[in-house]
Chemist: 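One structure follows; several queries about it will come next.
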Amino acid sequence: MEGGDIYRANNSLRASSSTIWRNNGAEVFSRSSRDEDDEEALKWAALERLPTYNRLKKGIMTTSHGPVNEVNVTDLGLQERKKLLERLVRVAEEDNEKFLLKLKERIDRVGIDMPTIEVRYEHLNVEAVAYVGSRALPSFMNFIVNIFEGLLNYLHVLPSRKKHMNILKDVSGIIKPRRMTLLLGPPSSGKTTLLLALAGKLDQDLQVSGRVTYNGHGMEEFVPQRTAAYISQHDVHIGEMTVRETLAFSARCQGVGSRYDMLAELSRRELAANIKPDPDLDVYMKAAATAGQETSVMTDYVLKILGLDVCADTLVGDELLRGISGGQRKRVTTGEMLVGPARALFMDEISTGLDSSTTFQIVNSLKQSIHILNGTAVISLLQPAPETYDLFDDIILLSDGEIVYQGPRDNVLEFFEHVGFKCPERKGVADFLQEVTSRKDQAQYWARKDEPYSFVTVNEFVEAFQSFRVGRRVADELATSFDKTKSHPAALTTKTYGINKEELLRACFSREYLLMKRNSFVYVFKIFQLILMAIIAMTIFLRSEMHRDSVTEGGLYVGALFFSVIMIMFNGMAEISMTIAKLPVFYKQRDLRFYPSWAYALPTWILKIPIAFVEVAVWVFITYYVIGFDPNVGRLFKQYLALLLINQAASGLFRSIAALGRNMIVANTFGSFALLMFVALGGFILSKDDVKKWWIWGFWSSPLMYVQNAISVNEFLGNQWSHLQQCHKKKRGMVLPFQQHSITFDEVTYSVDMPQEMKDQGVLEDKLVLLKGVSGAFRPGRKTGGYIDGSITISGYPKNQETFARISGYCEQNDIHSPHVTVYESLLYSAWLRLPSEVNYETRKMFIEEVMELVELNPLRQALVGLPGVNGLSTEQRKRLTIAVELVANPSIIFMDEPTSGLDARAAAIVMRTVRNTVDTGRTVVCTIHQPSIDIFEAFDELFLMKRGGQEIYVGPLGRYSCHLIKYFEGINGVSKIKDGYNPATWMLEVSSSAQELSMGVDFTDLYKNSDLYRRNKALIAELSKPPPGSKDLYFPTQYSQSFFTQCMACLWKQHWSYWRNPPYTAVRFLFTTFIALMFGTMFWDLGSKTERQQDLLNAMGSMYSAVLFLGIQNSLSVQPVVAIERTVFYRERAAGMYSALPYAFGQVAIELPYIFVQAGVYGLIVYAMIGFEWTAAKFFWYLFFMYFTLLYFTFYGMMAVAATPNHHIAAVVSSAFYGIWNIFSGFIIPRPSIPVWWRWYYWGCPVAWTLYGLVASQFGDLQNKLSGTGIDETVEEFLRRYFGFKHDFIGVVAGVILGIALLFAFIFGLAIRSLNFQRR
């Protein structure tokens, strides 16, 4: 019977589900022996009489204060769900197992079988094909070479230079149901690839051989993405949703799987056997089996199990939006898949950022669920604590893509002893396993002292395992194939999506609506922007100034209509950045089969239609009458309809460009390109008769042309134009020494403004206190927001942040580095700027080499840093780089915020070895650590332990094997003794938890404040708070260690490499410019040499107008994401005292100069030659001069917009407001003499107007030939003076102004970077 049968409609459930869930020989069970009071019995009797479908929707709930109520499980409120879970699982650590056993017992009692999944993989090989060495770096040259080489490879002219790299080499094995499997291995051993292969989610570009089967079925026979859940190590979420909303959406999309069918069969059998289930459990199971609910009880259960109930209503947040912590975000990623019905779980590094007790609790809950409900799980953990390690049944140890050991946990040490290695007493087994295969750490574990040691390679381990009994057993099991008939029909999912199409669409609609409400600022801002532009437009084209006496004046009306179309079209440009920001989440959820692409795309379009109605209405209803369009209500609505359609077309276009580009820079480039084609060929800039025949297809395919024609015809066929007979002929156109320092602090309180969500829940205080009167020796970190009270001293002198930054280093938890430089360059840069200026180049290089040796970064010397989660270094390599970047500054005191989070045991050991080596040089190191293993914990000398609410409960020495700490806590009445070999860090967190405080009735803070230890600490603080005799306060003659000039050079040096290795920005811009130049050249072929008619001049000016606006806006948009990423790095580096804001701004500005020079040069040469302007040196160089400085000021304007706003999405929206204003005042749509006098001042303030003035006046301002067809006898020079107000002898001034504008924007960029800080930490 195939798996699809379980999804038959409800009425056939009786027939089919009984065969699915029936256990052979299931007997009817005895009557329930529960003694109920009559009322409950009556309600049960009434329930039992209902048909199955209705019975599964109703349940009986006891309320705390009285009667039994019948409830509809589909609409349980939040409070009811909370109370229900409170009764079933009161404390997650203690009650979860009881709850699951109750659930299992109910299912077993009527003899229903739970489905199980056994996963096998046989001879699995995974290979990647990639460039190696310097060819792998994405530099400008490589990008260009790769394009041509790829083309030649495709045509089989050249052989490919890419190398094959093995990720997994011939691995085979079995993953059994009801067993927890732990996947271990050093970094880059192929753990993630193995998990992806098992979950059926490998990248298409990899070459895979071998096969993976579930219950004997190949991957093509079912839907692996829904049968198994892969939990990624990258946390990709929408920052504007709360934790509960994120999980609820996930649960809603994934559906309930086979829970409903099982419950229907269970309910039928219980009825037949007259068994009454526990009412709370019954309600829970019915609620959990109901599909399509907006919030399900499953969500609440998972929130509770993962300990996320405390932050359920907090926004998830992202880089710039304050949200939940890193550890909580990691748990959201896990919870997102746990709320679904998948029976096989493949989890990749789920403990990053969690402390050991939280990790233990989560893995323990998973273990209970796997063992009791017959699940299958493979979990890779980075540094599992011994007690977490002991929760697993099986171990898979990977090294260099091969399986060294796979089998029961109990036999793993025996296997390594059989090869000759022994795990020491006080060493976590997991740490031993990860180190025993590495060349660096292996020797210390060699146990056969009588034999000489030689390095045992991974291959030798693999061969030894195949001859070991566990290895032979695995091979024997694989030799007999799985009997497919034993596979439970409900085990494998054959439906692509969890719920029906209508429900999916509804879920996506409600999420999109929620996000629009959260982002309402953008929409309100766009409407305000339109209102402002409408007011400007209608006061420029004011009806009292607009006459209808000649065809020329009709041209002004066409200009006003053209401007309306442009405004409405460009208004959709913000869609690009908003679409791209959500793409990563979309790709993740689409690949997990949450929903199909159309279900995601439709709501974004449909929900924005009402907004489009409002936006277009604002524009049309404000401007129509005031500009003086034909006063006829029918024509008003026709104009409204035409503009509404172009608005929809533009939004759709931008959304599709964003989806095709997938990258902010590429999408903006193509977006501008599409707009350029539509606008240039829309019939206004270049009249239809002048479009070259090879471009005429562009004219007919431009949506702008149709709308422009529609609203022009709509206007000019009106009554007011009937007196102009010739209306059809209307005109168109237009190792060093350092000082040792101690740090003390006394009664420090740190608080932040109360978050709005907590105020909404009735919290009255204005400030949320995070640290409360703490004293001792440490500092909470580099915070940019918040209030600190209390005294902090450095070697007895009050702390001053300016000087303190020079002697301290701070390693942030998020590793923020410039993505496009190599590891060595990052360190060189940090050392260059932070070491004192008297340190010479050679010493500096030696010191960097020492640090790289210390942090073991030598093999990664030339590796590109990359963006986290996208490319470049792995988490642990990034972490070591963060530490190295601080160490090369030679600080006296170093603070590290969770230096080991996100690392596996071996990497954590390397990092801690680094930290220990640092301490041994005499420096002070302060770390916060989430889940230290015994080794890591005992590497510390002192411990500062705080409880929730920011109060200290132990501050003092650890002692050898943590003896002082253990002695202190065991001396408190009621604290249980520590077990042998147990991790003291885990033990101290367990005995001092708030649950323990409640059960013992003590407050650990009070106990500490009354101890000798506290009095000793206070005395020490008093002693260290006085400066030692003969000492001086910290003093540096300058604020920064390097001179202003050196800072500028260093910033420029880094920007040079960042730009050179960022081809999506530099190379794409270069290719785009070349392409546009060729396009313009062919479109406006030989227009520059024609100056006989007025239309010729307008066409030539049109070519300049469209080029300036498009290339300029393109430059401005594409520079924004680049500056935004670098700015995050700038915040960290400035706080570290590396440089002031101005050298950074100088580097960012200066690096653009050569790139834009090449861009302007390429463009200028191609266009000048093809359009056929006059070849004199003066005219050519004026053309180049104006193009270069125009592109410069546009680029600086884009940079300035980012510097003045919180992120590049808002920058794109805000900066686009001005493009519209610059467009209308450019002097092309409406020439300066025709602008009403009250707006003429702005013409002089519009940069684009100055550019067009310079370009037109320098090319044509001195021509003396006569013009034909104007009806007036005048030369070109006189026409330009009369119609545009352009004078040839004014060019010098124009050039000066354009230079000034570029400098002004660059200056404002520097100023904004210096004085505005948008990082909220």
Side-chain angles (χ1 to χ4, degrees), residues 140 573-574 576-577 580-581 661 663-673 675-676 818-820 867 1051-1052 1054-1073 1076 1108-1130 1144-1160 1162-1163 1187-1219 1222 1247-1248 1301-1313 1318:
F140 186 94
M573 195 89 174
I576 290 190
S577 71
I580 285 180
N663 162 320
M664 201 64 209
I665 301 165
V666 176
N668 272 333
T669 305
F670 283 107
S672 306
F673 170 67
L675 268 183
L676 171 62
S818 290
H820 302 294
L867 288 165
C1051 288
L1052 184 60
K1054 184 173 84 163
Q1055 288 297 351
H1056 159 63
W1057 287 116
S1058 290
Y1059 269 52
W1060 185 245
R1061 298 210 189 97
N1062 187 3
Y1065 175 52
T1066 49
V1068 168
R1069 180 165 74 175
F1070 177 74
L1071 294 174
F1072 176 76
T1073 307
I1076 290 284
V1108 165
L1109 225 57
F1110 276 94
L1111 282 178
I1113 290 177
Q1114 160 56 24
N1115 271 17
S1116 171
L1117 285 174
S1118 61
V1119 77
Q1120 288 178 345
V1122 178
V1123 177
I1125 289 174
E1126 284 297 335
R1127 181 174 64 175
T1128 329
V1129 182
F1130 158 73
Y1144 163 77
F1146 166 79
Q1148 188 83 60
V1149 165
I1151 191 62
E1152 285 287 354
L1153 302 177
Y1155 281 96
I1156 292 180
F1157 186 73
V1158 173
Q1159 185 188 7
V1162 166
Y1163 179 83
M1187 281 312 292
Y1188 177 52
F1189 279 99
T1190 300
L1191 291 177
L1192 266 187
Y1193 75 63
F1194 264 109
T1195 309
F1196 295 161
Y1197 173 71
M1199 287 158 56
M1200 173 183 101
V1202 172
T1205 53
N1207 59 39
H1208 66 259
H1209 306 307
I1210 294 180
V1213 174
V1214 172
S1215 55
S1216 61
F1218 278 93
Y1219 304 145
W1222 289 359
V1248 182
I1301 291 171
L1303 291 173
L1304 175 75
F1305 286 165
F1307 174 70
I1308 297 177
F1309 167 69
L1311 204 64
I1313 277 286
F1318 293 102

Chemist: Suppose we screen for ring pair (Phe, Tyr, Trp, His ring centres under 6.0 Å). Which residues come up paired with Phe1218, at least two apart in sequence or across chains?
Modeler: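 Scan of Phe1218 (ring pair (Phe, Tyr, Trp, His ring centres under 6.0 Å), adjacent residues dropped) gives none.
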Chemist: Holding to side chain to side chain contact (heavy atoms under 4.5 Å, CB included), I want the full list of residues that pass it with Ile1151, two or more places apart in sequence or in another chain.
Modeler: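 So Ile1151 forms a side chain to side chain contact (heavy atoms under 4.5 Å, CB included) with Leu1052, Gln1055, His1056, Tyr1059, Tyr1155.
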Chemist: Phe1189: which residues meet the ring pair (Phe, Tyr, Trp, His ring centres under 6.0 Å) condition with it, sequence neighbours left out?
Modeler: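 Listed in chain order: Phe1185.
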Chemist: To the nearest 0.5 Å, how far apart are CZ in Phe1196 and CD1 in Ile1156?
Modeler: 6.0 Å
Chemist: Listed by chain and number, what are the side chain to side chain contact (heavy atoms under 4.5 Å, CB included) partners of Pro1154, not counting sequence neighbours?
Modeler: none
Chemist: So, the side chain of Arg1069 versus the backbone of Val1119: is there a donor-acceptor pair under 3.5 Å, distance only?
Modeler: no
Chemist: Looking at every heavy atom in both Ser1216 and Val1213, which two are closest together, and how far apart are they?
Modeler: OG-O, 2.7 Å
Chemist: For Tyr1144, give me all partners under ring pair (Phe, Tyr, Trp, His ring centres under 6.0 Å), at least two apart in sequence or on another chain.
Modeler: Phe1130
Chemist: Can you sort out the partners of Ser1118 under side-chain hydrogen bond (donor to acceptor under 3.5 Å, both in side chains), two or more places apart, ordered by chain and number?
Modeler: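 Applying side-chain hydrogen bond (donor to acceptor under 3.5 Å, both in side chains) to Ser1118 gives none.
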Chemist: Can you name the side chain to side chain contact (heavy atoms under 4.5 Å, CB included) partners of Val1068, sequence neighbours left out?
Modeler: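 Result, side chain to side chain contact (heavy atoms under 4.5 Å, CB included) vs Val1068: Phe143, Thr669.
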Chemist: Between Ala667 and Ile580, what is the shortest heavy-atom contact and its length?
Modeler: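 Looks like CB-CD1, 3.5 Å.
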Chemist: Under the side chain to side chain contact (heavy atoms under 4.5 Å, CB included) test, which residues partner Ala1201, sequence neighbours left out?
Modeler: Gln1120, Ala1211, Ser1215
Chemist: Considering non-hydrogen atoms only, spot the tightest contact between Val1162 and Phe1070 and give its length.
Modeler: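 Here Val1162 and Phe1070 meet closest at CG2-CE1, 3.7 Å.
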Chemist: CD1/Ile1113 to CG/Leu1117 distance, rounded to the nearest 0.5 angstrom?
Modeler: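 Rounded to the nearest 0.5 Å, the CD1-CG separation comes to 7.0 Å.
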Chemist: With rounding to the nearest 0.5 Å, note down the distance linking CD in Gln1159 to CG in Leu1111.
Modeler: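 Nearest 0.5 Å value for the CD-CG distance: 6.0 Å.
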Chemist: Heavy atoms only: give me the nearest Tyr1188-Leu1153 pair and the separation to one decimal.
Modeler: OH-O, 3.2 Å
Chemist: Got a sec: does the CZ of Phe670 have more than 12 other heavy atoms crowding it under 6.0 Å?
Modeler: no
Chemist: Which residue pairs pass the salt bridge (Lys or Arg N to Asp or Glu O under 4.0 Å) test with at least one member in residues 1199-1210, sequence neighbours excluded?
Modeler: none
Chemist: Regarding Glu1152 and Thr1195, do their side chains bring together a donor and an acceptor under 3.5 Å, going by distance alone?
Modeler: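 Side chains of Glu1152 and Thr1195: no pair found under 3.5 Å.
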Chemist: Before you tell me yes or no, could you show the steps for Val1123 and Glu1126 under side chain to side chain contact (heavy atoms under 4.5 Å, CB included), namely the whole-Å CA-CA distance, both residues' side-chain angles and the distance that decides it to 0.1 Å?
Modeler: CA-CA 5 Å; Val1123 177; Glu1126 284 297 335; 5.7 Å; no
Chemist: Sequence neighbours excluded, which residues qualify as side-chain hydrogen bond (donor to acceptor under 3.5 Å, both in side chains) partners of Tyr1197?
Modeler: none
Chemist: Supply the atom-to-atom distance Asn1115 CG to Leu1192 CG, rounded to the nearest 0.5 angstrom.
Modeler: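 Reported to 0.5 Å precision, the distance equals 9.0 Å.
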Chemist: Report the C-alpha separation of Trp1060 and Thr1066 in whole Å, then their side-chain angles, then the decisive distance to 0.1 Å, and conclude whether the side chain to side chain contact (heavy atoms under 4.5 Å, CB included) test is met.
Modeler: CA-CA 7 Å; Trp1060 185 245; Thr1066 49; over 6 Å; no
Chemist: Mind checking whether Phe1194 and Val1248 have side chains closer than 4.5 Å, heavy atoms only?
Modeler: yes
Chemist: Looking at every heavy atom in both Ile1076 and Tyr1163, which two are closest together, and how far apart are they?
Modeler: CG2-CE1, 4.4 Å
Chemist: Between OG of Ser818 and CG of Asn1062, what distance do you get to the nearest 0.5 Å?
Modeler: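 Rounded to the nearest 0.5 Å, the OG-CG separation comes to 11.0 Å.
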Chemist: Donor-acceptor pair, distance only, cut-off 3.5 Å: does the side chain of Tyr1193 make one with the backbone of Leu1304?
Modeler: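 Not at all, since once roles are kept as given, no pair shorter than 3.5 Å links the two residues.
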Chemist: Strictly by salt bridge (Lys or Arg N to Asp or Glu O under 4.0 Å), give each pair with a member in residues 1058-1067 just once, sequence neighbours left out.
Modeler: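 Those involving residues 1058-1067 are Glu825-Arg1061.
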Chemist: Pair Ile1125, His1208 - check side chain to side chain contact (heavy atoms under 4.5 Å, CB included), show working.
Modeler: CA-CA 9 Å; Ile1125 289 174; His1208 66 259; over 6 Å; no
Chemist: Side chains of Val1108 and Met1187: does their closest heavy-atom pair fall under 4.5 Å?
Modeler: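 Sidechains of Met1187 and Val1108: in contact.
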Chemist: Distance-only check: which donor-acceptor pairs under 3.5 Å involve side-chain atoms of residues 1305-1312, not counting sequence neighbours?
Modeler:
none

Chemist: How far apart are the closest heavy atoms of Leu1191 and Gly1112, and which atoms are they?
Modeler: CD2-N, 4.0 Å
